[in-house]
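The block underneath contains the structure these notes are about, expressed in structure tokens.
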Amino acid sequence: METLLNLFSPTFPTFFLMFVFLYLFAFFVILRNWGPKHRPDASSCLLSLSHGTPAVIMAIHALRNAPTPRSFASPNAAFQNTVLEFSIAYFLMDLIHYLVFFPNDILFISHHLATLYVFVTCRFVVLHGALAIIVLLVLAEVTSACQNVWSIARLKKADVPAAAKLYEFLSPPFYVFYSVVRGILGTVVVYKMGAFYASGAADNAIPKWAWISWMVVIVSAILISLLWILNKWIYWYKEKSLQAKKKVW
């Protein structure tokens with residue numbers, strides 16, 4: 001019985017096939033009536049929805065049940081590896097989506113490749129440090145549900161009045177939520193990670209090439225996220241200013 005359970009336990013291939021099915025189901029069934037302009041983007045959003053919140057729940061469970069003593073250099077626990085494999089499967093499927101539909105979107109493709117590099121090396125090469133990566137995963141995905149609903153509303157706002165209203169309603173709280181999580185909490189965690197690794201506390205468990213490359217990827221991702229949300233705030237402010245001028249006229 002134990003062998004049978006191990007055979008069908010969640011592993012990377014299982015998760016990957018699940019995300020392939022979810023993507024195809026979204027593309028060919030749920031969004032079959034959408035036009036070719038927005039259908040791929042919306043399919044990616046639904047795929048992201050299927051990953052984001054479950055990943056946060058799994059990650060929090062993994063953090064709460066992490067073996068002690070805990071540090072950013074602790075050996076990966078079994079369920080922490082499961083969380084990493086779950087996210088690796090998602091990012092690989094979404095990377096395939098971008099390579100097929102948006103091969104010139106270098107920013108997103110680079111983001112997914114860099115994220116996969118960190119997750120894969122942590123899970124299969126270094127075998128330590130998952131605690132730090134999973135804390136960042138929580139911060140990265142806790143905004144996922146709101147962001148994807150906002151993104152889908154943005155895609156349809158020109159054609160569906162209800163979508164336009166939802167987009168207008170969600171934009172300010174989503175921007176605030178994202179700014180706090182990425183700009184404040186994310187920055188604090190990344191600083192603590194960098195200080196911990198630079199102190200040499202992880203040298204016996206995590207090779208320098210690994211943590212240095214992880215930090216380069218993570219810091220770059222935080223900076224890009226901050227630039228992205230800053231651009232959204234500027235666009236939102238310009239829209240509101242223009243609307244206010246039209247009312248005065």
Side-chain angles (χ1 to χ4, degrees), residues 15-16 18-28 30-53 55 84 86-121 133 136-137 139-160 163 167 170-171 174-175 177-179 181-183 186 190 213-236 238-239:
F15 289 140
F16 181 67
M18 178 189 74
F19 283 119
V20 170
F21 171 78
L22 290 172
Y23 181 87
L24 294 176
F25 185 76
F27 192 92
F28 290 106
I30 299 176
L31 303 170
R32 64 184 181 278
N33 295 324
W34 283 48
K37 182 179 180 180
H38 296 312
R39 194 176 177 189
D41 275 328
S43 299
S44 180
C45 287
L46 291 180
L47 184 71
S48 180
L49 273 171
S50 70
H51 166 259
T53 302
L84 292 175
F86 181 75
S87 290
I88 290 169
Y90 158 72
F91 279 105
L92 180 59
M93 182 59 232
D94 205 44
L95 175 63
I96 293 171
H97 156 80
Y98 275 97
L99 291 173
V100 171
F101 290 104
F102 308 104
N104 295 322
D105 195 335
I106 303 301
L107 183 61
F108 266 91
I109 291 173
S110 299
H111 169 270
H112 281 25
L113 286 171
T115 302
L116 282 167
Y117 166 77
V118 173
F119 284 6
V120 169
T121 53
I133 305 303
L136 290 173
L137 177 65
L139 296 178
E141 297 298 339
V142 73
T143 58
S144 174
C146 185
Q147 181 173 353
N148 283 293
V149 173
W150 171 86
S151 296
I152 292 172
R154 179 176 57 86
L155 291 174
K156 300 295 287 184
K157 68 175 183 174
D159 306 316
V160 181
Y167 171 79
L170 283 179
S171 290
F174 165 58
Y175 295 167
F177 186 28
Y178 191 98
S179 299
V181 170
R182 300 291 182 98
V190 170
S213 62
W214 292 354
M215 291 306 302
V216 169
V217 168
I218 293 165
V219 170
S220 299
I222 288 288
L223 291 176
I224 291 171
S225 296
L226 294 179
L227 288 173
W228 182 83
I229 196 62
L230 176 62
N231 183 61
K232 295 302 177 186
W233 275 118
I234 292 171
Y235 181 77
W236 179 82
K238 287 180 178 179
E239 275 192 329

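Sequence positions, counted from 1, serve as the residue numbers for this chain.
Looking at heavy atoms from C-beta onward, Phe21 lies out of side-chain contact with Met93 at the 4.5 angstrom threshold.
Between Phe101 and Tyr23, the angle of the ring planes lies from 30° to 60°, which puts this pair in the tilted group. Classified by interplanar angle (parallel below 30°, tilted 30° to 60°, perpendicular above 60°), the ring pair Phe174/Trp150 is tilted.
Shown here for Ala145 and Thr53, the closest heavy-atom pair between the two residues is CB-OG1, 3.9 Å. When all heavy atoms are compared, the tightest approach of Ala114 to Val217 is CB-CG1, 3.7 Å. Across all non-hydrogen atoms, the minimal contact from Arg39 to Arg32 is NH2-CA, 3.7 Å. Here the shortest heavy-atom pairing between Leu155 and Ala42 reads CD1-N, 3.8 Å. Of all non-hydrogen atoms in Leu139 and Val181, the two that sit nearest each other are O-CG1, 3.1 Å. When all heavy atoms of Ala26 and Leu46 are compared, the closest pair comes out as CB-CD1, 3.8 Å.
Remark: Phe108 CZ is loosely packed, at most 12 non-hydrogen atoms of other residues, nucleotides or ligands lying under 6.0 Å away.
Atom CH2 in Trp236 sits 11.5 Å away from atom CD1 in Ile229 (nearest 0.5 Å). With values rounded to the nearest 0.5 angstrom, Ile109 atom CD1 is found 9.5 Å from His97 atom NE2. To the nearest 0.5 Å, atoms CG (Leu230) and OG (Ser179) are separated by 8.5 Å. In this structure, Ile96 CD1 and His112 NE2 are separated by 10.5 Å, a value rounded to the nearest 0.5 Å. Between the NZ atom of Lys156 and the NE2 atom of His38 there is a distance of 6.5 Å, given to the nearest 0.5 Å. To the nearest 0.5 angstrom, Ser225 atom OG is 3.5 Å from Tyr178 atom OH.
Aromatic ring centres of Tyr90 and Phe119 lie farther apart than the 6.0 Å criterion allows. Between Phe86 and Phe19, a ring centre-to-centre spacing shorter than 6.0 Å is recorded.
When atom types are taken as modelled, the side chain of Ser44 and the backbone of Asp41 share no donor-acceptor pair closer than 3.5 angstrom. Judged by distance alone, the side chain of Arg182 and the main-chain N or O of Ala140 form a donor-acceptor pair under 3.5 Å.
Between the side chains of Thr121 and Trp214, a donor-acceptor pair is found at a separation under 3.5 Å.
Lys232 forms no cation-pi arrangement with Tyr175, by the criterion of a distance under 6.0 Å to the ring centre and an angle within 45° of the ring axis.
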Checklist entry - What do the steps show when you test Trp228 against Leu107 for side-chain contact (heavy atoms from CB on, under 4.5 Å), and what is the final call? => result CA-CA 11 Å; Trp228 182 83; Leu107 183 61; over 6 Å; no
